[in-house]
Amino acid sequence: MAVVREITFAEALNEALDYEMSKDPKVVVMGEDVGRYGGIFGVTKGLIEKYGEERVRDTPIAESGFIGTGVGAAASGLLRPVVELMFIDFLGVAYDQIYNQAAKMRYMFGGKAKIPIVIRTVSGAGASAAAQHSQSLHALFIHVPGLKVVYPSTPYDAKGLLISSIEDDDPVIFIEHKMLYGIKGPVPEEPYSIPLGEADVKKEGKDVTVVATALMVHRALEVANKLEEEGISVEVIDPRSLVPLDEETILNSIKKTGRLVVVDEAYPRCSFATDIAALAVNKAFDSLKAPVKLVTAPATPVPFSPALEKEWMPSTEKIEKTIRDVL
Amino acid sequence: MAVVREITFAEALNEALDYEMSKDPKVVVMGEDVGRYGGIFGVTKGLIEKYGEERVRDTPIAESGFIGTGVGAAASGLLRPVVELMFIDFLGVAYDQIYNQAAKMRYMFGGKAKIPIVIRTVSGAGASAAAQHSQSLHALFIHVPGLKVVYPSTPYDAKGLLISSIEDDDPVIFIEHKMLYGIKGPVPEEPYSIPLGEADVKKEGKDVTVVATALMVHRALEVANKLEEEGISVEVIDPRSLVPLDEETILNSIKKTGRLVVVDEAYPRCSFATDIAALAVNKAFDSLKAPVKLVTAPATPVPFSPALEKEWMPSTEKIEKTIRDVL
Amino acid sequence: MAEIPKEKLLWMYETMVKIREHEERVAELFAQGKIPGFVHLYIGEEAVATGVMAHLRKEDFITSTHRGHGHFIAKGGNIKASMAELFGKATGICKGKGGSMHIADLDVGELGANGIVGGGIPHAVGAALGIKLNGLDNVAVAFFGDGASNQQNFHEAINLAAIWKLPVVFVCENNLYQISLPYSKQQAIKSVAERAAAYGIPGVSVDGQDVFAVYEVAKEAIERARNGEGPTLIEAKTYRFRGHFEGDPQIYRSKEEVEWWKKNKDPIVLFEKTVLEKGLLTKEELDTIRERVKREIEESIKFAEESPWPKPKEVLEDVFSTPTKGVLVWQW
Amino acid sequence: MAEIPKEKLLWMYETMVKIREHEERVAELFAQGKIPGFVHLYIGEEAVATGVMAHLRKEDFITSTHRGHGHFIAKGGNIKASMAELFGKATGICKGKGGSMHIADLDVGELGANGIVGGGIPHAVGAALGIKLNGLDNVAVAFFGDGASNQQNFHEAINLAAIWKLPVVFVCENNLYQISLPYSKQQAIKSVAERAAAYGIPGVSVDGQDVFAVYEVAKEAIERARNGEGPTLIEAKTYRFRGHFEGDPQIYRSKEEVEWWKKNKDPIVLFEKTVLEKGLLTKEELDTIRERVKREIEESIKFAEESPWPKPKEVLEDVFSTPTKGVLVWQW
Ligand SMILES: Cc1ncc(C[n+]2csc(CCOP(=O)(O)OP(=O)(O)O)c2C)c(N)n1
Ligand SMILES: Cc1ncc(C[n+]2csc(CCOP(=O)(O)OP(=O)(O)O)c2C)c(N)n1
Ligand SMILES: [Mg+2]
Ligand SMILES: [Mg+2]
């Protein structure tokens, strides 16, 4: 493979948006400060200059209103909106439009509606943004049927998955971890798509399976590389899309290693972590050689102080200790 | 024990409300049609006649507004509101006030606030009420820390748990399954309370543990009684409060039986069912003799047609088959 | 109303009578246990949907509510398929998955009833945004109740439409009750139309029992929208002749009140009186329509009754439109 | 303003200067990396919190926003503890768990800043309901921005307060921007106060840079509330002198615009001019206050700097107030 240039996660997303807007006039971008400001994390930079105010729309603070507007626009068949919810923490002021409207319309209408909307949003702790700007709430979108949920960990995946998401005819929640925007990685200049529902084995291994999401993929890899030196072989799987979920890749890995650790920066109960544990104990029970362990945040809000937030997040130390525990 | 009179689930709840309002002038009831109408399921009947319009308040359709009002009233220390969200399906128009405000205030404020609010709401399928009036969304309240979540299955539990919930200083989500309102059971006339966080073993058994919630407790018991005749001994545990959760009772049972089936009328992923499965495979792994099986709804919205809704709900047939599967 | 073409008058009458007949039969079928679930009927409010829809084309969009049968019928929805839907049959317009609160007919621009009060208002704004960006001269109309005008989406969505000058009309059917709560206890103002001032758009209140009055007001608003002059908020004061839903004990209002409305403000009776008095239509014309409509409704019921139930496995279909890897059933 | 007692004038000046000094030092400390997270400063808007809070008692309640330091200070919040909170220290008013966006001081009726725009509005309504049902003569005041007035809670909560005639005052700080979006692109009206008409309550717009004007308007509204006459909506037109948050590149407005406001509409400068010109206070009195305030702020910073960090195990504390069985940590 030829050497590809490295760009940031945020730039990769911007390229995907730019490509889709250039290709399909039905694609519009809406949200708070997505216009000249370029989005508060810079993801929509330059779009308004290129595609104009009609297609790149700054909105008032009215998330239920403007996400609902996106849903209606998608249902009408006239547009394919990409709507930004500035922080995933704000889902509570627009949740009905997402899980009761966008997610259910097709089913309620007997398969007659298509709802091609992408809701881009930002999750994650690590920026001392405190209890209402640091959450990882993907479980709330996984739980309710009818939404596809994408949560990439690398610039490469981010671009390919965002392109697929915009081209998908179903509602997609596209989650971006705020601590990943600045990381760089190789990203081809030309457009490409990564199918939703395909996990990526970020590192092969044979002793233990680690399923991790977003920022936690990086922490898991850090630990895996360290343990490698000791001769412990860790397989790190990034599901990339949480709905649909690539059960097969995960189950095959567990069958190979017999051990499972899930690393998920989220509240522990009714979570993606419990989901994968349940999958394992149901469908790979005979292969399991040890308890399934989950490295999650505790069941508390996210504290503000860096001294506390660090403890709240799943750390490489905790990941390492947990992996050792199941060996 | 003396014979106690039998009353319905709805009447038991009404007695709890009546008792608390008579005892503490700070207790107020708010919600749509809770006044003269008595609540659309009759739970608040007679309260406005007894306690007046000031303490029993009919609200406009403004769930975020009036639940937020309840939260503020609770935080001010001046009231202990019991607020009705007519259907749990509507949580999406008020969710922020629940999980970002009520649930987090105490923590964000360093333990200085008390938020004594109870949000009563109605869940469950079985009434052909379709996709937006039939959901079981308790997982959405369990996932986010800071809320206590109560989900009773009998009139007796309903009364005792509602009294405890109103007297609790933390926000409590009190969920009532609509198909249970009419069931009758023995309920003492005098007030009593059941501590939050204590599971109830509804039937003892030694071959397999079934953890079930609300309406599903009844279906699980039906199956357990049937299997009893064949000599299969099923233990049925009703956690009653999902947060806090009585892990101990559940784990002890699994350790005894070595087998676990969870029956939960809810979407399958990131659910209470996966929660209990994860608990088992982590903390009772060595006791497990078979895969953990979950009987849930499928990952689809709730269909309207009785022909489809019946299939959507966990049935006694499915429960029975699943129990046999793990034996 | 002299300028209303005769054809349109006939259509208005047919539409109002169709809604009335439909709803009366549905009430009976519900009482007989043939239609399950929650059913909210539109009887008494026929003039609102009719007066507005008189100006809409097939390509125009509407969004509706839990009380949606009238909007669906007036927009030209397929009644056979919707009746089968009410029964929960496989031939239903939603294949039995939606029921009364979720009936939609995308083929005629009916973007759906809604079980969430206020839920559909932003969808109309979205359709209007699509219309504008595609350079079309269509419009979108959001129907909703007085109760809904206290809800978040009313505020957020109307404001968006106002600042973006979208081709959308907001029609509040103020039937004086939000289930049991009278309008006077919902708002400290006299008319929902007063709320237009908060968004800098025109607001107008109209007698919703007078189809001609609704027709005039809607005409102006829809023309404004089509001409790119932005949204209007219309309040139609109306009254539901039946309970909130079938089975409602209606303890919150007196029998006298209901009787007064039925006697003095029945939109169909008022229409008949006017057109006959003014000689715009004849008794025979009206009777012919009524007969035809009755037959049509009976046929739809027959169709529904004879249709098969959906098959259990269909529960799993229609969640996503693109084929997905992974599971829909968490196959334990 | 002749009738404003001298004591009150001194308090006003002290409060505005305290806010200004506080915020300027916080800006520096943020730039130095000593204060983490998001910080939204109140510089330029001091007259609003001050003119309103001049009428409040300790037992009255307020709810605040992400831009909450000014409200906190004017309500009499404990500055040492809040400064330590901004640093994330164990001695912070929230034990380091809240930070700038969640500072609360329940002891003085400050029910909390809020990270959710509009999130606090219904809380003020709730406190007002509590006041009413307990027969007290206190009031509650909700502060929020122009951006917040487009959000759901504005609509739903104000309507509740209006129909229930609760003792609450809604103060919209219209600083002309919602991050980068100018007010003119948020609403098709000229003043947020026009929205009062939608709820049948009085609405008034006032120059938020003129503390005396704010004082007058707030006086009337708060008296109305205390007298059981119901809520008022006040819009104070104001301007933030700094970016939306610290670190904001401010590409959405010109330097000239900002400079104009700083030069012509600084509320503290305007106050000084008036009181000196009218001979209400002396230069010495003002200087003394400024010195005292500076010392107080420096002390709070010293306290914060010297305070210990919270201990990791504290993460698990303060979720619930009643002891709970079951786990907080899902102890994998
Ligand atoms: C968000 C939400 N809250 C509450 C309900 C329950 N509900 C269904 S219809 C209704 C009353 C609606 O009143 P209005 O908007 O005036 O319409 P009408 O029924 O009078 O036509 C209520 C409270 C709901 N479906 N959705
Ligand atoms: C519900 C919600 N949406 C969006 C945001 C992000 N956000 C924080 S402050 C802000 C602008 C607020 O504008 P305004 O209400 O005018 O207050 P100002 O910052 O001007 O004081 C936005 C969009 C948020 N915190 N909450
Ligand atoms: Mg109504
Ligand atoms: Mg502002």
Side-chain angles (χ1 to χ4, degrees), chain B residues 25-26 28 30 54-55 57 59-79 81 93 96-97 100-101 103-116 145-146 148 168-170 195-198 241 243-248 275 278-279 282-283, chain D residues 61 63 85 92-99 101-107 109 111-116 118-134 136 140 152-153 155-161 163-164 166 317-322 324-328 330-332:
Chain B
K26 284 188 172 180
V28 299
M30 295 199 286
E54 288 292 311
R55 289 181 64 201
R57 306 185 85 86
T59 61
I61 302 174
E63 286 85 357
S64 183
F66 70 73
I67 291 179
T69 294
V71 173
S76 75
L78 297 171
L79 297 175
V93 296
D96 181 75
Q97 286 296 329
N100 265 342
Q101 310 293 338
K104 295 185 173 58
M105 272 185 172
R106 180 174 177 78
Y107 190 85
M108 294 191 301
F109 299 170
K112 274 184 216 114
K114 283 184 180 171
I115 315 293
K148 295 177 177 173
D168 199 283
D169 276 341
D170 295 311
L196 307 188
E198 286 191 8
S241 91
V243 181
L245 179 70
D246 185 350
E247 284 189 16
E248 210 181 304
D275 222 27
L279 178 70
N282 178 22
K283 298 204 189 162
Chain D
F61 292 96
T63 62
E85 186 61 33
I93 196 153
C94 309
K95 301 186 192 162
K97 285 182 174 148
M101 281 193 284
H102 308 295
I103 281 177
D105 192 343
L106 300 174
D107 293 339
L111 287 174
N114 214 308
I116 302 299
I121 305 176
H123 304 165
V125 174
L129 179 64
I131 289 165
K132 189 176 183 208
L133 295 196
N134 281 271
L136 306 173
Q152 48 192 235
N153 288 317
H155 179 63
E156 297 191 355
I158 295 187
N159 190 50
L160 285 174
I163 58 170
W164 291 346
L166 298 180
E317 296 165 7
D318 298 322
V319 177
F320 290 122
S321 62
T322 39
T324 51
K325 255 185 98 168
V327 282
L328 278 187
W330 202 245
Q331 288 150 334
W332 305 108

Quick one: closest heavy-atom pair of [X] and [Y], and the distance?
| X | Y | value |
| --- | --- | --- |
| D:D318 | B:R106 | O-CG, 3.4 Å |
| D:Q152 | B:V93 | OE1-O, 4.3 Å |
| D:H123 | B:G68 | CD2-O, 3.3 Å |
| D:N159 | B:P60 | ND2-CG, 4.1 Å |

### Query
With chain B, which of D:G115, D:A127, D:G118 has the greatest number of heavy-atom pairs at distances under 4.5 Å?
D:A127

### Residue selection (most heavy-atom pairs with chain B, distance under 4.5 Å) from D:L129, D:V125, D:I163, D:T63
D:L129

#### Entry: Part of B:V243 lying under 4.5 Å from any heavy atom of chain D
side chain

### Query
Checking heavy atoms, do the side chain of B:D96, its backbone, both or neither come under 4.5 Å from chain D?
side chain

Heavy-atom proximity to chain B below 4.5 Å, by part of [X]:
| X | answer |
| --- | --- |
| D:D107 | neither |
| D:I131 | both |
| D:L160 | side chain |
| D:L133 | side chain |
| D:I93 | both |

First locate atom [atom1] of [X], then atom [atom2] of [Y], and finally report the distance between them rounded to the nearest 0.5 Å.
| X | Y | atom1 | atom2 | answer |
| --- | --- | --- | --- | --- |
| D:F320 | B:K148 | CZ | NZ | 5.5 Å |
| D:L106 | B:S76 | CG | OG | 10.0 Å |
| D:K132 | B:E54 | NZ | CD | 4.5 Å |
| D:S321 | B:I115 | OG | CD1 | 9.0 Å |
| D:W164 | B:T69 | CH2 | OG1 | 6.0 Å |
| D:N114 | B:M108 | CG | CE | 6.5 Å |

### Query
Does the B:D169 side chain pair with the main chain of D:T322, one donor and one acceptor, at a distance under 3.5 Å?
no

### Exam field: side chain B:Q97 to backbone D:G119, donor-acceptor pair closer than 3.5 Å
yes

### Query
Under 4.5 Å between any side-chain heavy atoms of D:L136 and B:L78, yes or no?
yes

### Task
Validate the cation-pi geometry between D:K97 and B:F109: distance from NZ or CZ to the six-membered ring centre under 6.0 Å, angle to the ring axis within 45°.
no

### Message
Heavy-atom pairs under 4.5 Å with chain D - which of B:R57, B:K114, B:K26 has more of them than the others?
### Response
B:R57

